[in-house]
Every structure is written in C-alpha cells, then in structure tokens.
Amino acid sequence: MTARLEPGPEQPEGMLPSTVDRPAGERFGHAPTSPLPPESAPLLRWIDARLPVISAFRREYVDYPMPRNLNGLWNFGAFVTVALLVLLLSGIFLAVNYTATIADAFNSVEAIDRQVPSGWLVRSIHMGGVTMFFAALYIHVWRSLYYGSYKAPRELLWLTGMVLMAICMGAAFAGYVLPWGQMSFWGLTVAMRALSSVPLVGTPLAHWLLGGALADVALHRIYVLHFVLAFSTLAVVGLHVMALHVTGSNNPLGVEVRKPADTLPFHPYYTVKDGVGLALFALVFAVLIFFLPGWLTLPDNYLRADPLSTPADITPEWYFAPFYAILRAGGGIGVPLAALSIAVLFVLPWLDRSPVRSARFRPWYRVLLPVAVLSFVFLGVAGFHQPAGLWLLSSRIATAIWLLFFLLGLPLLTRFEPRRALPEGIA
Ligand code: HEM
C-alpha cells in the first residue's frame, strides 16, 4: 500500500514536504484521487465514474496514510463518533414517544420507561450514552492537549472540535431539561438566572430564548433546540474530519510524518485497532446501561418538577460539574469566569506558540498540564459540594490554577521552556 506514496517534485528522495507546505489533497505525496481497482464490480465502477463517492471513501478511509506509531489514545475520536451516532439514533426513538408540554413531559418519560416496549432500554442507552460520549470527549481533548495536536497547522481542526464541544454541551443541557424532573426545572432556573445576570444583554436574551416564563412555550423551544443542536453536530463533525484529513494525524512524538515508510494505510491497520477499541468501549457501555443505570444520574430528577419546592442542593450532571464549580466559586464574577474557562481553550493555539508539540519533549509543559487538568478534575468533584468553607476556598484555588495555566503559563512557557532535541522522524 505504501508503494503509492511518492515524494513531491522538489523533495529529496525518501523525504516528503511537511503537510503545511503541501496543497490540500496532496498529503504525503498522494495523488488527490484513489481510483477503483480494475477488479471492482462493474456497477461500482459505473457509479463511481458518475458520482465518485466510492473512490473518495477509499481515499479517506481505506488507503488513507496514517502515522504508524499512534497509541490507544487515538482511538477516542472513533469512540466519540460512535457514541454520538448512538445518541442520535436512540434520540429519534425517544422523540417519537415524548410529549413536550409541562403537563405531560414527565408522564411521557415515565411511560417510555414503563410501558413502551423496550423503552427502558432505549432511554438507558440514551442516558448512559451521554456519559460515554462526554467521558470519551474529555479524554479526546486531553490527548490533543498532551500531544500538542492543536498547534499549527491544525488550528482549525482544534477550533471545529471546540465548536463541537460547545454545541454538544448546549444539546446535553437542553436534553436534561426535557424530562421535566426536579433537577431539570431547577437546573434551568439556575442557568436562566446566570444568563440574566449578564449586564445589558442577559435579561432580554433569556426572555427571547424562553419566552418569559418557564411554561409550555419554553419547554417546546428547549425541545427544538435539543434536536437542532444534536443533529447539527453531524455537519461540524464532517468539517472536523475534513480538516483532519488535510493535515493528517499528529502522533505521540509530535513531529510531522515525512517518509512513506512512517505511515500505514488506515485499512486494515487502524480499522482493526479502532474495532478492538470499540468492542471494549461497548463493553463498558453495556456495564453502565445494564448494571449501573442510576449510577451517574441524580435521583431528584425522578421527581416531577415542582416550582414550589427547591431541592436541598442543585447540582448538574457530572460533565458540567467543573464549570458549575467555577460559576459558584466566582461569586459576583462567576458567569464571566465560567465563560473564560472555556474561552481559553478556543484561543489555545495562539496562547501556546512553542514550536514543540508533544509533551514528551517539553519538560515544563509535561508537569504543568497535568496540574491544570487535575485542578479541572478537582473542580468536577467540588461542583457536587456546597460552595462554602474549604470547598469554596479550594475551588477558587483550582479555578485560578486552570485559568493561569492558559493565560500566563503557556505564554511564559513559549518563551522560557528549555527545548529537547526532536527526533528526525517517527520510525
Ligand atoms: C462530537 C465531537 C467530536 C468528534 C465526533 C470528534 C471526532 C474525531 C475523530 C474521529 C478524530 C480522528 C481520530 C483521533 O485522532 O482520535 C479526531 C481528531 C481530532 N480531534 Fe476530534 N472529535 C470531536 C471533538 C473534538 C474536540 C472537542 C476537540 C478539541 C477541541 C477535538 C480535537 C481534535 C484534534 C486536535 C484531532 C487531531 C488529533 C491528532 O491527530 O493528534 N475534537 N476527532
């Protein structure tokens, strides 16, 4: 397969120009098309001559050259993709049985759980699927941070990923409101109060979004929002993978692949590797659905929403907990701080200008990044505790570490971090 890889015209024998220098579509010296082999079925060749989707698929997912040294952390993109597809599919089945009115939403979800044939299974898959999705997504982002996959020329790949994360968070939040349980209602109330606290635009925006009161019209809009955001991810995932296939994958050493011998075709090598990973992912997913269905959900949401009875503590789902902890730790400036804690990720490629990608060759980044990430994980725990006493103090310290790492640490590392010699290639 690698015999197809040829150096570009001005390159010395055996060396390929970096992906940055090459026009899109000529990755690793590839011709931009991957014609069907002559032994392909005539019908396939007939179709492909008129609508070249089969050769495009072969080019992007069969012959596509991948760095040969990718570790298991590169499986997580596939996990996130599959979890997303499972969510979309199970969501359609839930939607056909759900009623988006304040009077009937809770009952319709109860009916899905108790009366609709296999409804309990589909709902369990959808709810467990969100946990699997966000767990895989956070590891996917961690991998990209550790190996510097956000750096040039992958800035737009990173940004499309961040847009995906923002859309998915919006969709997850909207979805959590739909059963109209106690946490749905009170979570929405907290979010709307937080939004309304933004000077000038906050209150009109909250009013415009939900129509004033938490009534039928609000729930209906949230239902539409949930659906639209969820399905719009498909288009953005398309852009994400398109951007990925222009530059090619980064790898654990963080140096560009330059020799054809450093690559392996996506199929069979990475299809098999992703397949094995997906089998393990499905196993964990199954354990979650069948043995621990209530483990990560809050029991309060199995109580019908009651505007007259506030729960003792309003807590979000685990994947929002770090941001919620920042919101509460920040007091009067909690909302801008929580927004900033995500915004720093959007501008990350411009905060960290070090030419070295992988943390393996960055002695200080390798230590400071885990410290920042552990602070973020700690905030996830703090999000489930009342913001008072030691929890409040430690949440504030963790918030400061997270923000300072990006805003101060990375620009300083760019200037002062000692650089280790990089390997010539990945072999
Ligand atoms: C619905 C959400 C997402 C899906 C379905 C998705 C899917 C994928 C897939 C299939 C890959 C290739 C396999 C891999 O490298 O693991 C990939 C790569 C990548 N993704 Fe995502 N992704 C998502 C969200 C994100 C987010 C939130 C970020 C970070 C902001 C991100 C950043 C990246 C980067 C930098 C790469 C290239 C990594 C490398 O080559 O080293 N992705 N993504």
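We count ligands from 1, going down the list as the structure has it; atoms in each ligand are counted the same way. This chain uses plain numbering: 1 for the first residue, then up along the sequence. Keep in mind the model is a prediction, meaning the values are calculated, not measured. Note that these values count all heavy atoms, side chains included, but never hydrogens, waters or copies made by symmetry.
Contact atoms of ligand 1 toward Trp74: 13 (C), 14 (C), 15 (O), 16 (O), 39 (C), 40 (O), 41 (O) (distance under 4.0 Å to a heavy atom of the residue). Those atoms of ligand 1 with a heavy atom of Val80 less than 4.0 angstrom away are 1 (C), 2 (C), 3 (C), 4 (C), 5 (C). Every atom of ligand 1 with a heavy atom of Ser249 under 4.0 Å away is listed here by number and element: 40 (O). When each atom of ligand 1 is checked for a heavy atom of Thr81 under 4.0 Å away, the hits are 5 (C), 7 (C), 10 (C).
Evaluated by nearest non-hydrogen atom to atom 1 (C) of ligand 1, the leading choice among Phe346, Tyr270, Phe133 is Phe133. Distances from atom 11 (C) of ligand 1 to the heavy atoms of Leu244, Leu156, Leu157 put Leu244 nearest.
For the pair Leu327 and Ala194, the tightest heavy-atom approach, listed with the atom from each and the gap, is CD1-CB, 4.5 Å. The two atoms that bring Leu219 and Trp180 nearest to each other are CD1-CE3, 3.8 Å, heavy atoms only.
Leu137 CD1, 3.4 Å is the protein heavy atom nearest to atom 24 (C) of ligand 1. Nearest protein heavy-atom contact of atom 30 (C) of ligand 1 is Met162 SD, 3.3 Å. Annotation: atom 15 (O) of ligand 1 to nearest protein heavy atom, Arg143 NH1, 3.1 Å. Shortest contact from atom 28 (C) of ligand 1 to any protein heavy atom: Gly161 CA, 3.6 Å. The single protein non-hydrogen atom nearest to atom 40 (O) of ligand 1 is Asn250 N, 2.8 Å, given as residue, atom name and distance. With hydrogens left out, the protein atom closest to atom 41 (O) of ligand 1 is Ser149 OG, 2.6 Å, a heavy atom. At the top of the distance list for atom 9 (C) of ligand 1, counting protein heavy atoms only, stands Gly77 CA, 3.6 Å.
In this model, a donor atom of one side chain and an acceptor atom of the other lie less than 3.5 Å apart for Thr131 and Trp318. Side chain to side chain, Asn301 and Ser184 meet the donor-acceptor criterion of an N or O pair below 3.5 Å.
Put simply, the side chain of Lys151 gets close to the backbone of Val356: a donor and an acceptor are under 3.5 Å apart.
Remark: Asp313 engages Arg328 in a salt bridge, criterion side-chain N to carboxylate O under 4.0 Å. Arg357 has a carboxylate O that lies under 4.0 Å from a charged side-chain N of Glu256, or vice versa, which qualifies the two as a salt bridge. Salt-bridge formation is not detected for the pair Arg68/Asp262: no Lys NZ or Arg NE/NH1/NH2 atom is positioned less than 4.0 Å from an Asp or Glu carboxylate oxygen.
When non-hydrogen atoms are compared, ligand 1 lies under 4.0 Å from neither the backbone nor the side chain of Tyr138. With a 4.0 Å heavy-atom cut-off, ligand 1 is reached by the side chain of Val237 but not by its N, CA, C or O. The proximity of Ser144 to ligand 1, defined as any non-hydrogen pair under 4.0 Å, is limited to the side chain. Residue-level proximity to ligand 1 for Thr160 is absent, since no heavy atom of it falls below 4.0 angstrom.
Annotation: Tyr64 is not in aromatic contact with Phe266 [ring centroid separation under 6.0 Å not met]. Aromatic ring centres of Phe281 and Phe76 lie farther apart than the 6.0 Å criterion allows. Taking the six-membered ring for Trp and the full ring otherwise, the centers of Phe378 and Trp391 sit less than 6.0 Å from each other.
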Checklist line | Evaluation steps, salt bridge (Lys or Arg N to Asp or Glu O under 4.0 Å), between Asp352 and Arg362 | finding: CA-CA 12 Å; Asp352 177 11; Arg362 302 188 60 184; 2.9 Å; yes
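The angle His140:NE2 - atom 21 (Fe) of ligand 1 - His240:NE2 amounts to 170°, with values rounded to 10 degrees.
Ligand 1 lies nowhere less than 4.0 angstrom from a heavy atom belonging to Tyr147.
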